[in-house]
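The figures here come from the full heavy-atom set of this structure, side chains too, leaving out hydrogens, waters and symmetry mates.
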Amino acid sequence: MRSSQFQSDLLQWFHKNARVLPWRSHPTPYNVWISEIMLQQTRVDTVVPYFVRFITELPDVSALSQVEEDKLLKLWQGLGYYNRALNLKKAAKILMETNQGQLPSEIKHLLELPGIGPYSAGAIASIAFGKAVPAVDGNVLRIMARILANREDINNTKNKKHMQEVMAQLVSEKEPGSFNQAMMDLGATICLPNGEPKCSECPIRRHCQANKLGATSEIPVKIQKKVRSVEKKTVFVISSEGQFALKKRKPGGLLPNLWEFPNAEDYLTEKQARDFLSAMGIRVHDMVPIKQSKHVFSHLEWHMKGFFVTATADDRVQSELSWVTGTDIQHQYSIPTVFKAFMEYCKQ
DNA sequence: AAGACGGGGCA
DNA sequence: TGCCCAGTCTT
């Protein structure tokens, strides 16, 4: 394979077929940074509305560095991997203190910022700063496995390292940003991850060994999935005088610093539920079961039963709980999707 | 090297 | 239902 032909075939296709995306119209370092973080393990269609809202609310590094955490998490609500948002603010503060609020253009310095790994550093350096460096993501690993008819496990550390080196040689010197984005668009629209790739439309099929061998459905090869553990929970929607009880989750771990409905491990009987509420300082006026719901995370499942509890006003002494209106829940409090079914009970 | 870390779209 | 997505960080 000749690098120059591969590059020109890919770039020519990209210049005609590039997807129109909000972060591409003004690829400032800040816009590219935010988009790349949002796009980690997250589809383009999902990211677009989040990106537009985020940039409107927090247009630059300075604004991001000063944003209140609850507002930041509200902007991220439903996007997942919430540490990405917290790392974004940490990095913004570092940039304000050490670099006049500017993103660095060197890979080495980008990698020092929290939330930026090898892929994101390469993407930012190439797209925002025109550096001729690779940006190896899942698309690139899949495309290159097919191009080279490589049957190794694509997620294998050694393979990733190898691909990093291959792409460092292959990336266009003149248009590295377009080259890397072309690989993403090709992976998203032609060289598909599931289902048959659209090889007849592929601009680089003449370079593709898997296509030549008729092996595109067997490559890439990936190792098995791991079993997900299941956790049972009992969730309480507690209502008192038009307000609902929320609790802030701890920093670190799952869903850090987000808000949740009070909940207990395992399925509780009504008796156990009353004891649990009592220990929290809640006196039950009325309590009715809520339909069971299930939520699947990447590494575990929550199976949830619930109760809708009506409490009396005098019982709202205990804190650790915040009492908020349905409107506040909607506009201010960041509650993860896992509680979606229970949020329905808080509509005005 | 493996596990933690969200959520949704699609076959 | 299972896989995978413009991955990174921790153990």
[atom1] atoms of [N] and [M], separation to the nearest Å:
{"N": "B/dA11", "M": "C/dA6", "atom1": "C1'", "result": "22 Å"}
{"N": "C/dC5", "M": "B/dA1", "atom1": "C1'", "result": "22 Å"}
{"N": "C/dT1", "M": "B/dC5", "atom1": "P", "result": "24 Å"}
{"N": "C/dT8", "M": "B/dG9", "atom1": "P", "result": "23 Å"}
{"N": "C/dC9", "M": "B/dG8", "atom1": "P", "result": "24 Å"}
{"N": "C/dT11", "M": "B/dG6", "atom1": "P", "result": "15 Å"}

Mind checking if [X] touches a base, just sugar-phosphate, or nothing, with heavy atoms under 4.0 Å?
{"X": "A/Leu255", "value": "sugar-phosphate"}
{"X": "A/Arg249", "value": "nothing"}
{"X": "A/Leu300", "value": "nothing"}
{"X": "A/Ser298", "value": "base"}
{"X": "A/Gly187", "value": "nothing"}
{"X": "A/Val338", "value": "sugar-phosphate"}
{"X": "A/Trp23", "value": "base"}
{"X": "A/Ser35", "value": "nothing"}
{"X": "A/Asn139", "value": "sugar-phosphate"}
{"X": "A/Phe297", "value": "sugar-phosphate"}
{"X": "A/Leu21", "value": "base"}
{"X": "A/Arg19", "value": "base"}

Q | Pair of N/O donor and acceptor under 3.5 Å linking B/dG6 base with A/Thr42 side chain | A |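 Donor-acceptor pair under 3.5 Å: yes.
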Q. Between the base of B/dG6 and the side chain of A/Thr337, is there any donor-acceptor pair under 3.5 Å?
A.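 Looking at the base of B/dG6, it does not pair with any donor or acceptor on the side chain of A/Thr337 (distance under 3.5 Å).
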Q: May I ask you to check whether A/Trp76 and A/Tyr50 place their ring centres under 6.0 Å from each other?
A: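 No: the rings miss the under 6.0 Å criterion.
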Q: Check whether A/Ile55 and A/Val44 end up in the same hydrophobic cluster, where Ile, Leu, Val, Met, Phe, Trp and Tyr are linked by side-chain heavy atoms less than 4.5 Å apart.
A: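 In one cluster with A/Ile55: A/Val44, yes.
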Salt bridge check: are [X] and [Y] linked by an N-O gap of less than 4.0 Å?
{"X": "A/Lys71", "Y": "A/Glu57", "value": "yes"}
{"X": "A/Asp185", "Y": "A/Arg24", "value": "yes"}
{"X": "A/Lys131", "Y": "A/Glu106", "value": "yes"}
{"X": "A/Asp9", "Y": "A/Arg206", "value": "yes"}
{"X": "A/Lys89", "Y": "A/Glu69", "value": "no"}

Q. Between A/Asn194 and A/Gly252, who's closer to the 5' end of DNA chain B by nearest nucleotide?
A.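 It is A/Gly252, whose closest nucleotide lies nearer the 5' terminus.
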Q | Earlier contact from the 5' end, DNA chain B, for A/Lys158 and A/Gly80 | A |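 It is A/Lys158, whose closest nucleotide lies nearer the 5' terminus.
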OP1 or OP2 of [N] less than 4.0 angstrom from a side-chain nitrogen or oxygen of [X], does that happen here?
{"X": "A/Tyr81", "N": "C/dC5", "value": "no"}
{"X": "A/Thr157", "N": "B/dA1", "value": "yes"}
{"X": "A/His299", "N": "B/dG6", "value": "no"}

Using whole Å, report how far [atom1] of [X] lies from [atom2] of [N].
{"X": "A/Tyr82", "N": "B/dA4", "atom1": "OH", "atom2": "P", "value": "19 Å"}
{"X": "A/Leu79", "N": "C/dA6", "atom1": "CG", "atom2": "C1'", "value": "13 Å"}
{"X": "A/His295", "N": "B/dG6", "atom1": "NE2", "atom2": "P", "value": "9 Å"}

Q | Given C/dC5, B/dC5, C/dT8, the nucleotide with the shortest approach to the side chain of A/Gln40 | A |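 My answer, after comparing the listed nucleotides, is C/dT8.
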(Q) Side chain of A/Arg142 only, heavy atoms from C-beta on: which candidate in C/dA6, C/dC5, B/dG6 is closest? (A)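 Nucleotide nearest to A/Arg142's side chain: C/dC5.
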Q) Where each residue is assigned the nucleotide of DNA chain C containing its nearest heavy atom, which of A/Asn87 and A/Asp185 is assigned the position nearer the 5′ end? A)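 The answer here is A/Asp185.
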